[in-house]
Amino acid sequence: MTLPLHNVHLREGGHMVDFHGFDLPVRFSSILEECRRVREQAGVFDISHMGHFVVRGKDALGAVDRLITSDLEKVPSGKALYGHLLNDAGGVIDDIMAYHFGRERVDLVVNASNREEDAGWIRKHLPAGILLEDCSPGHVGIALQGPGAVRVLEDVLPGVLDMRRRETRLLRIDGADEFLVGRTGYTGEDGWEFFGPAGTGVSFYEKLLSVGKKKENLVPCGLGARDLLRLEMGYPLYGQELGPALSPFDAGLDFAVSRTKGEFVGRSAILEIGGNPRIDPTHPVLGGFVVEGRGIPRTGCEIETTDGIHVGEVTSGGFSPRVGSGFGLAYLDRKFFGSFKAGAEGRVRVHGNSLPIRYRAWPFFSSGRPVPSGPAP
Amino acid sequence: MTETRRYTRTHEWVAPADVPGEWNVGITDFAQKEVTDVVFVELPKVGRTLPRGGEAAIIESVKAAFSIYAPASGTIVAVNPDLESDPGLLNRDPYGKGWIFRFKAGHPEEINDLMDEGAYAKFLKDGGGHPEHG
């Protein structure tokens with residue numbers, strides 16, 4: 001399926017690939033060059049494949065809060081919050097962003113691959129009178145990322161420059177359609193994300209592109225750069241690090257679970273009554289690693305002990321000049337994870353070769369450019 | 001030079017080396033543009049014998065690993081040592097300094113079966129294969 005920015009991508013030289021049924025650019029120039037621009041200057045991504053829902057009704061906030069692992073009640077209005085939807089067994093249905101706009105409205109941004117299932121599941125769990133509207137069909141999603149994002153917006157949308165990290169607003173762009181705007185992203189850099197109707201969205205994207213190219217050396221970026229940038233930060237990708245069989249704690253995303261909030265779907269499966277994590281010892285645990293020497297681990301590569309015993313599998317892997325070697329995330333046997341984390345060597349099998357690896361905590365790379373953060377929630 | 005160069009459907013080129021019976025192999029300009037961002041190249045061992053279409057080398061790019069297949073059966077007689085320190089040669093000079101390996105053909109007639117420049121150009125124009133995986 002093509003998305004509204006399709007022709008713009010073709011004009012810009014995008015190499016289009018299928019991603020969960022959507023035609024999206026995997027790259028324009030080169031993945032490494034696009035990543036470098038985002039880390040040093042600015043890049044713009046088409047994220048129109050992401051799902052955007054609006055949940056409205058009396059106490060929509062409380063209703064959504066009972067469906068997610070993080071504590072939406074503790075977040076002030078105008079803030080975005082990361083959290084998980086869980087099944088009854090505590091497995092992750094999706095990882096989402098929730099945007100707090102008062103008690104009567106919460107916006108959600110969900111993964112492309114889960115959009116329809118999420119919408120059905122959420123609707124099934126919402127009390128009568130609270131409605132979910134799926135705004136995704138025909139919408140445009142744009143992520144402007146990088147330290148130069150501020151300077152691009154000075155000329156395009158100066159009204160958002162006073163936003164703090166993870167602050168979110170609903171605003172009319174060019175006095176027309178309403179957009180969901182957040183100072184958020186999936187790259188670890190400063191930036192903004194925008195979701196709104198295609199008409200205004202396409203012309204807004206064009207404006208970011210032309211102003212950004214002139215002012216900040218901005219480049220359009222594809223899924224390849226998006227994936228490598230998120231992996232450098234150790235951000236999970238649904239379907240690779242997250243899935244219905246494993247819990248947020250298995251994925252090492254303890255921060256996404258509030259231990260003090262009230263009831264939410266899946267709570268009793270992942271938390272003891274007192275709030276301590278309930279860990280299934282037969283579940284693997286996600287860990288980060290770097291390759292010593294030459295080799296690029298990829299999704300599905302096997303992790304072994306130095307004795308050749310299978311102890312896990314790579315969920316996401318890659319190479320970046322900022323990390324300086326191959327690196328990745330892997331689900332590991334808990335017993336092995338303990339010794340690996342303490343410094344023991346492991347192995348990853350790449351094209352039949354067994355390459356030495358060492359534990360590395362994520363993020364694998366830190367830009368060291370903190371942006372102003374809002375008051376602690 | 002280009003008149004004697006032949007091409008595979010998997011985007012390798014093969015051209016006669018200085019020693020009769022020996023052939024150089026690399027990837028085409030189309031392929032290097034698709035691969036981009038080469039991080040390193042896993043070269044074959046000299047002396048290895050390969051069947052036609054056997055995996056001879058692996059190009060590791062940021063996006064994915066790309067296999068390089070033997071255009072014809074034969075024995076590896078040399079590899080390009082410069083690719084170890086400068087894999088970007090593959091992108092900058094795919095038909096020259098970016099050559100990958102040299103082999104002694106077991107059945108030279110297999111090379112005659114490959115595409116010449118005109119046929120390869122037509123193959124690309126007709127949408128001939130796309131080495132970039134989603």
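So you know, we letter chains A, B, ... as the sequences are listed, proteins then strands, and number each from 1. Because the structure is predicted, anything quoted here is derived from the model rather than measured.
The number of heavy-atom neighbours closer than 6.0 Å to CD of A/Glu116, taken from other residues, nucleotides and ligands shown, is 12 or below.
Panel note: side chain A/Tyr238, backbone A/Val92; a donor-acceptor pair is recorded below 3.5 Å. A/Asp190 places no side-chain N or O within donor-acceptor distance of the main-chain N or O of A/Ala149, the cut-off being under 3.5 Å.
Of the residues considered (A/Ser29, A/Gly295, A/Ser320), A/Gly295 shows the highest number of contacts with chain B, using heavy-atom pairs under 4.5 Å. When each of A/Val350, A/Leu24, A/Ile31 is scored by its heavy-atom pairs under 4.5 Å with chain B, the top score falls to A/Ile31.
By a heavy-atom distance cut of under 4.5 Å, B/Val41, B/Glu42 are the residues of residues 41-49 of chain B near chain A, going up by number.
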(request) List the steps and the verdict of side chain to side chain contact (heavy atoms under 4.5 Å, CB included) for A/His15 and A/Val26. (result) CA-CA 6 Å; A/His15 292 240; A/Val26 64; 4.1 Å; yes
(request) Give the intermediate values and the outcome of salt bridge (Lys or Arg N to Asp or Glu O under 4.0 Å) for residues A/Arg294 and B/Glu60. (result) CA-CA 10 Å; A/Arg294 275 176 22 153; B/Glu60 285 279 9; over 6 Å; no
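A/Asp227 does not touch chain B: none of its heavy atoms, backbone or side chain, sits under 4.5 Å away. Looking at A/Leu228, only its side chain comes within 4.5 Å of chain B, counting heavy atoms on both sides. Heavy-atom distances place the side chain of B/Val39, and not its backbone, under 4.5 Å from chain A.
Applying the side-chain contact (heavy atoms from CB on, under 4.5 Å) criterion to B/Asn24, with sequence neighbours excluded, gives B/Trp13, B/Ala17, B/Trp99, B/Arg102.
Defined by atom type and a distance below 3.5 Å, a donor-acceptor pair is present between the side-chain atoms of A/Asp46 and A/Ser48.
Here the side chains of B/Tyr7 and B/Glu117 are in contact, with some heavy-atom distance below 4.5 Å.
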